[in-house]
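One-based numbering, in listed order, for ligands and for the atoms of each.
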Amino acid sequence: MRPLADRLRELIALEGPITVERYMDLCIRHYYAGRDPLGAAGDFTTAPEISQMFGELIGLWMLEVWHGMGRPVSCRLVELGPGRGTLMADLLRASRLLPDFRSAVSVHLVETSPALRERQRAALRASGFRIEWHDRFGEVPPGPVLLVANEFFDALPVRQFMATERGWCERLVGLEEDRLIFGLRAEPEKELGRPLRLGDVLEWPAASMEVAKALSRRLAQDGGAALIVDYGYEGPAFGDTLQAVKDHAYADPLAEPGEADLTTHVDFQRIAQGASDEKVRVHGPVTQADFLLALGIEARAAGLRQKATPAQAADIDRALARLTERGPKGMGELFKVLALAHNDLEALPGLPARSPLSA
Ligand code: SAH
């Protein structure tokens, strides 16, 4: 494939500077389309790749919520952005405890990358389930939904606006000679009002809010719950969180377009705002550490240790520590868990309920 950098230079020379949102969109699609970026040999590692306990506990969460839904005989088990398919494989293995659940669910993976669809097919071959793939959530057929999305929303593009004396101006990517550079649109975005502090950056996750809206519409209509896990914060906050990661280290987001993983931190308040529906309730967010501990990750680790060699037991301990590590840089605290659920589901395991969003 031609390097994306060449195509971007051509596009910008022809059409002028593009928004950060469009830049991210082009980079992210290119990045995922032809590679598997996960794991030690890739660019980054995710919770399901750290330990089978992560997917298993989410599986138990699903079983319990399915009970809470009144054990519907037909239910869509959906994952957004399943990566290598590891989480779904672990989840389905954990569901062996409940044959009724297994015969009720059909598995739907929302994945745009052809390379990762192949990985998922291989990972799930032994699961015994027929898998359906979709390009977007809206293509998942009607019916009650149990959904999980781990590190999916951080991979969706955002618009960025910078606080200037003129107002909030959209951040753009343009060209200086042959080099990609950041710039600003001269005209401010009037609808955003006046900024309070010069230099602030406002991120507007339009794509994430669109997905949240589609999810909540479905949950309101057909029932069910969606579990969202990602690194992020509960806004409002102002800051540039765009980051590039390559070979497990931070990189310049403009240096190698489409060759590094581009993400932003997820603003959970905006997701909740996008999901606003009088029939849908928000649960959480809580930290990943609190969530996994409440679901019993320590007991699960102890169970696994019993059958493990000393080397395996050390791995289990390391994984447990990593998934639940506190502190601003620890995965257990940086990552948050939020669920959206039909109002009929008053309590969800591991998550405190908030008032209905419409209130
Ligand atoms: N959930 C996995 C992988 C996270 S990486 C894990 O935790 O290991 C992000 C995943 O989202 C990849 O599978 C990527 O191909 C997919 N993805 C990114 N943008 C997408 C989009 N717009 N629609 C569907 N899938 C997308």
Side-chain angles (χ1 to χ4, degrees), residues 21-59 77-92 107-124 131-140 147-158 205-215 226-232 243-246 248 258-266 271 274 288 291-292 319 322-323 331 334-337:
E21 185 184 47
R22 180 141 185 233
Y23 176 75
M24 283 186 78
D25 187 49
L26 292 169
C27 288
I28 293 166
R29 274 174 204 287
H30 183 92
Y31 177 72
Y32 281 109
R35 82 189 76 209
D36 169 13
L38 290 148
D43 290 324
F44 59 97
T45 302
T46 57
E49 301 300 328
I50 291 173
S51 167
Q52 67 184 73
M53 294 186 286
F54 189 78
E56 288 170 352
L57 289 171
I58 289 178
L77 182 57
V78 187
E79 183 172 0
L80 307 181
R84 289 181 164 179
T86 309
L87 192 163
M88 186 54 82
D90 293 336
L91 183 164
L92 290 173
V107 180
H108 300 268
L109 303 182
V110 177
E111 174 62 68
T112 41
S113 157
L116 287 172
R117 280 188 180 199
E118 275 319 303
R119 289 277 332 212
Q120 292 153 19
R121 200 186 306 279
L124 292 164
I131 315 285
E132 274 182 59
W133 278 268
H134 310 278
D135 280 329
R136 47 177 60 236
F137 173 73
E139 291 171 10
V140 175
L147 179 142
V148 60
N150 185 61
E151 290 212 43
F152 169 76
F153 283 91
D154 67 67
L156 299 183
V158 305
S208 293
M209 292 173 76
E210 203 53 51
V211 175
K213 195 196 280 175
L215 287 181
L227 189 68
I228 297 167
V229 187
D230 229 308
Y231 50 98
Q243 65 183 33
V245 167
K246 194 173 161 62
H248 299 265
E259 304 302 320
D261 180 40
L262 269 196
T263 62
T264 56
H265 289 205
V266 170
I271 294 211
Q288 175 171 300
F291 181 72
L292 294 177
R322 193 158 163 208
L323 291 174
M331 196 180 195
L334 205 54
F335 279 71
K336 313 282 189 298
V337 182

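Among V211, T46, D230, L116, the residue whose heavy atom lies closest to atom 6 (C) of ligand 1 is T46. Remark: among candidates Y32, F54, Y31, the nearest residue to atom 5 (S) of ligand 1 is Y32, based on non-hydrogen atoms. Of the candidates P114, G83, G81, A115, G81 brings a heavy atom nearest to atom 1 (N) of ligand 1. In this comparison of E151, E49, H134, E111, the heavy atom closest to atom 15 (O) of ligand 1 sits on E111.
Between the S113 side chain and the Y32 main chain, a donor and an acceptor come within less than 3.5 Å of each other.
Using a 4.5 Å cut-off on side-chain heavy atoms (C-beta onward), E79 and E111 make no contact.
Counting non-hydrogen atoms of neighbouring residues, nucleotides and ligands closer than 6.0 angstrom, the CZ atom of R136 reaches no more than 12 such neighbours. Annotation: K246, atom NZ; neighbour count of heavy atoms from other residues, nucleotides and ligands within 6.0 Å is above 12.
Here is the list of ligand 1 atoms found below 4.0 Å of a heavy atom in P48: 6 (C), 7 (O), 8 (O). Close approach of ligand 1 to P82 is summarised as follows: ligand atoms under 4.0 Å from at least one heavy atom of the residue are 2 (C), 13 (O). Residue S113 approaches ligand 1 through these ligand atoms, each under 4.0 Å from one of its heavy atoms: 15 (O). Near L156, the atoms of ligand 1 lying under 4.0 angstrom from a non-hydrogen atom of the residue are 22 (N).
Under a 4.0 Å heavy-atom criterion, D154 is not in contact with ligand 1. Under the 4.0 angstrom criterion for non-hydrogen atoms, T112 is in contact with ligand 1.
At a heavy-atom distance under 4.0 Å, atoms from both the backbone and the side chain of N150 approach ligand 1. Residue contacts with ligand 1, taken as heavy atom pairs separated by less than 4.0 Å, do not involve T86 at all.
Ring planes of Y31 and F44: parallel class, angle under 30° (limits at 30 and 60°).
Minimum interatomic distance between A207 and P157 (heavy atoms only, all atoms of both residues): CB-O, 3.9 Å. Nearest heavy-atom pair across A40 and T45 is N-OG1, 4.2 Å.
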